[in-house]
Visitor: 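One structure follows; several queries about it will come next.
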Amino acid sequence: MKNIDSYTHLRGESVYLDDIPVWNGTLYAAVFDSPIAHGVIRSLDFRAAAAAPDVYRIITAADIPGDNQIGGIVPDEELLASTHVHFCGMPIALVIARSDEAARAALKKIIVEFDPLPVITDPREAKEKNELIIPPRTFQLGDTAKAWSQCVHIFEGRADTNGQEHLYIETQGAYAVPQEHGTIRIYSSTQGPTAVQRTAARVLGIPMNKIEVDTTRLGGGFGGKEDQATTWGVLCALACALTQKPVKYSLHRMEDMRMTGKRHPYSADYKIGLSSEGKILAYEATFYQNAGAAADLSPAVMERTLFHCTNAYFIPNVKATAYSCRTHLPPNTAFRGFGGPQGMFVIEAAIAKAATAIGIPAWQLQQKNLLETGDEFPYGQKAESEASACWEAAEKAFAIKQTAEDIKVFNASNAFTKKGMAVMPICFGISFTKTLMNQARSLVHVYTDGSIGISTGAVEMGQGVNTKMLQVAATVFSVDASRIRVNSTNTYRIANTSPTAASAAADLNGKATEIACHAILHRLKQVAASHFSVTPELIEIKNETVYANGVATEWDWNKLAGMAYIQRVSLSEHAHYTPPGIHYDATVEKGHPFAYHVYGTAIITTTVDCIRGTYTFDSVKVVHDFGTSMNTLIDTGQCEGGIVQGIGWMTMEEIVYDSNGKLRSNALSTYKVPDIYSAPGEIIIEPLKTDKDNLAIFRSKAVGEPPLMYGIAAYFALRNAILAFHPGADIPYDAPMTPEKVLMSLYSTK
Ligand code: MTE
Ligand code: HPA
Ligand code: MOS
């Protein structure tokens with residue numbers, strides 16, 4: 001089945017925040033944000049701005065009726081700076097004007113004076129100064145201290161990954177509209193409608209039931225709107241409450257890039273020990289996460305780094321410690337993979353370093369250490385592993401060994417063009433790492449004409465979750481897809497939602513929808529059973545026809561719905577789902593946090609122009625563990641998109657802050673994302689064939705985030721190509737591997 005939005009997307013008819021018709025009298029907001037990264041606000045002069053044409057009002061921290069606080073996990077982030085600023089781009093004031101242009105023009109007339117304070121941008125420096133968001137955490141398995149003596153090879157090193165700009169096509173924004181009795185409706189481009197609702201209620205000092213948040217779809221979120229859509233939703237609600245007028249704010253691209261956080265950059269130290277046969281016996285890692293100026297989601301992201309620090313490998317002795325370091329950058333936030341990719345890069349760097357030193361290809365070490373079923377993760381859960389199955393299927397389909405041989409032959413006969421290959425196995429845990437967040441609800445209505453409406457807590461952001469919700473109802477009821485409408489995500493219909501995140505939206509909301517549909521179906525069958533004088537178990541609905549005792553009756557789906565209504569049987573259901581069996585005890589860092597894991601193996605090959613340092617990716621070949629995909633078009637699309645986004649992170653997207661904490665890569669002229677010209681020559685995705693049971697919706701495993709991590713192979717493929725040109729090259733493990741870095745490495749001396 002095609003994504004149900006594909007037709008309206010193609011015609012430009014799909015509705016995003018900026019397509020919502022505005023009410024008469026709508027006012028427009030614009031944020032005045034800090035030009036410096038750290039300091040005390042000495043004075044603010046709004047006189048000229050307030051007198052500028054069409055300016056309606058200027059709002060500051062002093063106008064906030066409730067709490068000036070938007071921190072979700074740790075209450076450490078003001079909505080509007082009161083006395084101090086902590087990052088360039090921190091909102092200080094909100095200008096409200098009669099037009100978008102007038103609001104932005106007035107910003108330029110605001111005069112502010114600061115007493116600057118020292119700026120930290122490096123997480124290691126923050127750690128030295130004890131600037132930590134939360135206390136460090138350590139995951140441990142076995143005993144690394146004892147294990148080193150058994151290791152024949154021991155290597156140590158450092159590995160760094162940079163941040164990543166989300167670059168959702170639709171920038172952040174919101175539109176708040178006053179309703180009766182002091183309530184406010186917020187249209188928000190958010191992955192977390194409840195987060196916007198909860199925070200708006202807190203800032204306004206009113207109960208949550210007076211805030212309605214409505215989200216039709218996002219033009220992409222990628223994690224950037226899990227927590228950080230809240231700021232704009234709440235600012236609009238605040239302005240709406242203070243003016244009693246509708247207030248809209250849709251950020252310009254440069255405002256968005258400057259004021260919002262990104263993927264967390266990490267710096268890490270590692271130590272890896274191997275036996276003479278190449279078995280990894282011990283691994284230690286210390287992660288320094290660049291959290292930015294406030295916690296945001298950093299504690300949860302840090303946790304997932306630890307969960308995924310051994311990727312798809314079994315290592316009997318592990319000790320991994322992570323520090324969430326407070327710097328003066330915009331608070332960094334969720335980004336597809338949520339800290340997992342940063343953890344995986346470090347173990348891959350450690351393996352690559354060991355392989356280079358021992359003089360064997362990294363893939364031999366990778367393959368030798370893959371997780372097997374029953375192996376224990378450092379956090380205590382036992383693997384049900386498809387790691388070897390994916391690897392073997394990839395070897396069979398794509399001939400890893402032969403590819404390596406072919407590349408050797410190519411490189412031997414080409415002096416200034418070199419190829420490189422790398423393999424990336426992945427293992428990604430599915431569930432919010434915070435156990436309580438794994439819950440969802442769905443509201444299903446069957447109308448008397450047989451049409452069906454579904455509301456869930458899931459937010460459509462291009463990943464196709466609405467299509468999957470529709471498929472669930474169509475399958476359970478056995479009706480045509482055209483009967484079903486998936487409604488906007490709305491906090492009046494579905495309450496207390498977890499954000500659409502952790503790749504878990506389809507599972508959690510899909511299972512809730514499945515339960516709701518089954519409950520309605522059960523009642524419908526009773527209606528038919530009493531009419532046809534059989535027991536309900538003998539009633540079946542197939543392709544909209546009602547069968548009794550295996551025989552088609554004259555009732556169709558419409559008739560059934562109508563009859564249920566006449567007999568006063570409820571045609572609606574609100575259902576709740578939470579996955580069974582998950583738990584986690586953070587005091588001992590052990591438990592069973594994930595409903596299941598997703599596995600896969602990717603092979604990426606690259607060709608490097610060794611005179612220019614430029615490169616292309618020839619191919620990405622993947623065996624991916626979809627479980628049993630319920631929508632191969634959507635799931636393949638998620639793989640392709642994730643892979644290209646991962647390659648972008650690893651090779652070309654370079655976020656640059658200067659030492660004053662100012663974003664230098666603040667526009668698309670200075671921040672390069674993959675385009676069609678830099679996309680791999682081919683991407684082949686083969687499903688791993690398994691028929692095992694799992695906790696996924698219709699056994700169709702979560703697919704949103706895991707494929708991004710295949711992109712890590714792009715970094716190591718480039719590294720191998722450089723080493724083919726210059727075996728003694730000095731290549732720090734420092735992503736992204738931009739063309740500049742490739743060129744420097746090609747001609748580096750140790
Ligand atoms: N795909 C598209 N097209 N746009 C997005 O914003 N977000 C990703 C992924 N795929 C995203 C996407 C992220 S970060 C997550 S967590 C999942 O989708 C969320 O959706 P799911 O839980 O329904 O998989
Ligand atoms: N993944 C993604 N988003 C989240 C998580 C998680 O584990 N926890 C809280 N938000
Ligand atoms: Mo995705 S980073 O969990 O929104």
Side-chain angles (χ1 to χ4, degrees), residues 3 5-6 9 14 16 72-73 164 166-170 189-192 194-195 217-229 261-264 295-308 332-342 428-438 440 456-469 472 489 497-511 582 584 593-595 598 626 630-631 634-646 649 696-697 700-709:
N3 187 320
D5 284 342
S6 49
H9 277 2
S14 298
Y16 298 88
I73 299 179
Q164 186 174 22
H166 299 87
L167 220 92
Y168 21 67
I169 296 179
E170 180 194 34
S189 180
T190 180
Q191 293 173 237
T194 292
R217 66 164 66 68
L218 318 186
F222 305 110
K225 297 171 183 170
E226 178 174 340
D227 225 41
Q228 297 211 354
K262 310 177 192 315
R263 183 189 291 284
H264 293 78
D296 191 272
L297 291 164
S298 299
V301 171
M302 177 184 108
E303 174 173 80
R304 201 175 266 279
T305 301
L306 291 171
F307 280 117
H308 295 317
N332 286 313
T333 194
F335 196 132
R336 209 171 192 172
F338 206 75
Q342 292 96 319
F428 194 79
I430 301 302
S431 286
F432 286 95
T433 53
K434 186 114 189 118
T435 302
L436 75 85
M437 293 177 78
N438 296 286
T456 75
V459 169
E460 176 60 52
M461 47 184 170
Q463 88 281 38
V465 71
N466 281 357
T467 306
K468 290 185 174 180
M469 297 305 101
V472 169
T489 314
T497 59
S498 292
T500 289
S503 304
D507 281 0
L508 298 175
N509 296 279
K511 293 252 182 183
I582 53 170
Y584 195 70
F594 298 117
V598 172
F626 293 100
M630 68 186 285
N631 191 317
I634 284 175
D635 288 353
T636 307
Q638 285 293 295
C639 284
E640 292 170 346
I643 287 166
V644 173
Q645 201 166 32
W649 173 51
I697 178 67
S700 181
K701 284 189 172 183
V703 70
E705 294 167 286
L708 180 130
M709 284 149 271

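Remember, it's 1-based here, ligands and their atoms both numbered in the order they're listed. All figures in this text were calculated on a predicted structure; none of them were measured in a lab.
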Visitor: Write out the residue and atom name of the closest protein heavy atom to atom 10 (N) of ligand 2, then the distance separating them to 0.1 Å.
Guide: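 The protein heavy atom lying closest is Glu226 OE2, 2.5 Å.
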Visitor: Run the numbers for me: atoms of ligand 3, each under 4.0 Å from some heavy atom of Gly223, listed by number.
Guide: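 Every atom of ligand 3 under 4.0 Å from some heavy atom of Gly223: 2 (S), 4 (O).
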Visitor: Is a side-chain N or O of Thr489 found less than 3.5 angstrom from the main chain of Ala458, in a donor-acceptor match?
Guide: yes
Visitor: Which option, Phe335, Phe594, Phe338, owns the non-hydrogen atom nearest atom 6 (C) of ligand 2?
Guide: Phe338
Visitor: Using a 4.0 Å cutoff against the non-hydrogen atoms of Arg304, which atoms of ligand 2 qualify?
Guide: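 Every atom of ligand 2 under 4.0 Å from some heavy atom of Arg304: 1 (N), 6 (C), 7 (O).
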Visitor: Relative to the heavy atoms of Phe335, which atoms of ligand 3 are at a distance of less than 4.0 Å?
Guide: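 So the atoms of ligand 3 that pass are 2 (S).
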Visitor: Could you identify the single nearest non-hydrogen protein atom to atom 3 (O) of ligand 3 and state the distance to 0.1 Å?
Guide: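 For this ligand atom, the closest protein heavy atom is Ala502 N, 2.6 Å.
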Visitor: Can you tell me if Asn438 uses its side chain to pair, donor with acceptor, with the backbone of Phe432 under 3.5 Å?
Guide: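 Present.
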Visitor: Strictly distance-based, threshold 3.5 Å: is any side-chain N or O of Arg304 a donor or acceptor partner for the main-chain N or O of Gly429?
Guide: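 Yes, because the side chain of Arg304 sits within donor-acceptor range (under 3.5 Å) of the backbone of Gly429.
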Visitor: Counting from 1, what ligand 3 atoms have a heavy atom of Glu226 closer than 4.0 Å?
Guide: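 Close to Glu226: 3 (O), 4 (O).
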Visitor: Considering heavy atoms of the protein only, find what lies nearest to atom 1 (Mo) of ligand 3 and give residue, atom and distance to 0.1 Å.
Guide: Glu705 OE2, 3.7 Å
Visitor: Counting only heavy atoms, tell me which of Ala334, Gly219, Gly641, Ser503 gets closest to atom 16 (S) of ligand 1.
Guide: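 Result: the heavy atom closest to atom 16 (S) of ligand 1 is in Ser503.
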Visitor: Among all protein heavy atoms in this structure, tell me which lies nearest to atom 8 (N) of ligand 2, with the distance rounded to 0.1 Å.
Guide: Phe432 CD2, 3.6 Å
Visitor: Going by the atom numbers of ligand 1, which of them fall below 4.0 Å from some non-hydrogen atom of Gly462?
Guide: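 Listed by number with element, the hits are 2 (C), 3 (N).
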Visitor: For ligand 2, which atoms sit closer than 4.0 Å to a heavy atom of Ala501?
Guide: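 Counting atoms of ligand 2 from 1, those under 4.0 Å from Ala501 are 3 (N).
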Visitor: Check each atom of ligand 1 against the heavy atoms of Gly223 and keep those under 4.0 Å away; list them by number with element.
Guide: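 In order of number, 14 (S).
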Visitor: Fit a plane to each ring of His166 and Phe335, take the angle between them on a 0 to 90° scale, and name the class: parallel (under 30°), tilted (30 to 60°) or perpendicular (over 60°).
Guide: parallel
Visitor: Verify the neighbour count for atom CG of Leu436: are there more than 12 heavy atoms of other residues, nucleotides or ligands below 6.0 Å?
Guide: yes
Visitor: Report the part of Met437 in contact with ligand 2, treating N, CA, C, O as backbone and CB onward as side chain, heavy atoms under 4.0 Å; options are side chain, backbone, both, neither.
Guide: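 The side chain, only.
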Visitor: Against heavy atoms of Gly220, which atoms of ligand 1 measure under 4.0 Å?
Guide: 6 (O)
Visitor: What do we get for Ala702 next to ligand 1 when only non-hydrogen atoms under 4.0 Å count, side chain, backbone, both or neither?
Guide: neither
Visitor: Run the numbers on Thr190 and Val459 for side chain to side chain contact (heavy atoms under 4.5 Å, CB included), then give the verdict.
Guide: CA-CA 8 Å; Thr190 180; Val459 169; 5.8 Å; no
Visitor: Any chance the side chains of Thr333 and Asp296 put a donor and an acceptor closer than 3.5 Å?
Guide: yes
Visitor: Check each atom of ligand 1 against the heavy atoms of Ala501 and keep those under 4.0 Å away; list them by number with element.
Guide: 16 (S)
Visitor: Using a 3.5 Å cut-off on N or O atoms only, is Thr433 in polar contact with ligand 2?
Guide: yes
Visitor: Against heavy atoms of Ala501, which atoms of ligand 3 measure under 4.0 Å?
Guide: 3 (O), 4 (O)
Visitor: Would you find a donor on one side and an acceptor on the other, under 3.5 Å apart, between the side chain of Glu460 and the backbone of Asn466?
Guide: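 Flag set: sc Glu460 to bb Asn466 pair under 3.5 Å.
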Visitor: What protein heavy atom is closest to atom 23 (O) of ligand 1, reported as residue, atom name and distance in Å?
Guide: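 Checking every protein heavy atom, the shortest distance to atom 23 (O) of ligand 1 gives Gln463 NE2, 3.1 Å.
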Visitor: Check for a donor-acceptor pair, side chain of Thr194 on one end and backbone N or O of Thr497 on the other, with a separation under 3.5 Å.
Guide: yes
Visitor: Given side chains that start at C-beta, do those of Pro707 and Glu640 come closer than 4.5 Å, heavy atoms only?
Guide: no
Visitor: Does Gln228 use its side chain to pair, donor to acceptor, with the backbone of Gly261 at less than 3.5 Å?
Guide: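 The answer is yes, because a donor-acceptor pair under 3.5 Å joins these two groups.
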Visitor: For Glu705 and Ser503, which heavy atoms make the closest approach, and how far apart are they?
Guide: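 Answer, listing the atom of Glu705 first, then Ser503: OE1-OG, 2.7 Å.
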Visitor: Please work out which of Lys225, Arg336, Gln463, Gln191 has its closest non-hydrogen atom nearest to atom 2 (S) of ligand 3.
Guide: Arg336
Visitor: Does the pair Thr500 and Met461 meet the rule for a side chain to side chain contact (heavy atoms under 4.5 Å, CB included), with working shown?
Guide: CA-CA 9 Å; Thr500 289; Met461 47 184 170; 3.7 Å; yes
Visitor: Which residue owns the protein heavy atom closest to atom 8 (C) of ligand 1, what's the atom, and how far is it?
Guide: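 Protein heavy atom at minimum distance: Arg336 NE, 3.9 Å.
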Visitor: In the protein, what heavy atom is nearest to atom 5 (C) of ligand 1, and what distance, to one decimal place, separates them?
Guide: Phe222 CE2, 3.3 Å
Visitor: Short list, please: which atoms of ligand 1 are under 4.0 Å from a heavy atom of Gly221?
Guide: 5 (C), 6 (O)
Visitor: Compare every heavy atom of Phe307 with every heavy atom of Pro593, then report the nearest pair and how far apart it is.
Guide: CG-CE2, 3.6 Å
Visitor: Give yes or no for whether the N/O distance cutoff of 3.5 Å, strictly under, is met between Phe335 and ligand 1.
Guide: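 The answer is no, given that Phe335 and ligand 1 share no N or O pair closer than 3.5 Å.
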Visitor: Using a 3.5 Å distance criterion without hydrogens, assess whether the side chain of Lys225 forms a donor-acceptor pair with backbone atoms of Gly220.
Guide: yes
Visitor: If you count the atoms of ligand 1 from 1 in the order shown, which ones are under 4.0 Å from a heavy atom of Ala502?
Guide: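 Those qualifying, in numeric order: 16 (S).
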Visitor: Ignoring hydrogens, just give me the one of Lys225, Arg217, Gln638 whose non-hydrogen atom is nearest atom 1 (N) of ligand 1.
Guide: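 When every heavy atom of Lys225, Arg217, Gln638 is considered, Gln638 comes closest to atom 1 (N) of ligand 1.
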Visitor: His308 and Phe338: ring-ring contact (aromatic ring centres under 6.0 Å, His included), yes or no, with the steps?
Guide: CA-CA 10 Å; His308 295 317; Phe338 206 75; over 10 Å; no
Visitor: Of the backbone atoms (N, CA, C, O) and the side-chain heavy atoms from C-beta on, which set of Lys468 has a member under 4.0 Å from an atom of ligand 1: side chain, backbone, both, or neither?
Guide: neither
Visitor: Suppose we measure from atom 19 (C) of ligand 1 to each protein heavy atom; which comes out shortest, and what is that distance?
Guide: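 Nearest protein contact, heavy atoms only, for atom 19 (C) of ligand 1 is Met461 CE, 3.4 Å.
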Visitor: How close do His264 and Gln342 get, counting heavy atoms only, and between which atoms?
Guide: O-NE2, 3.0 Å
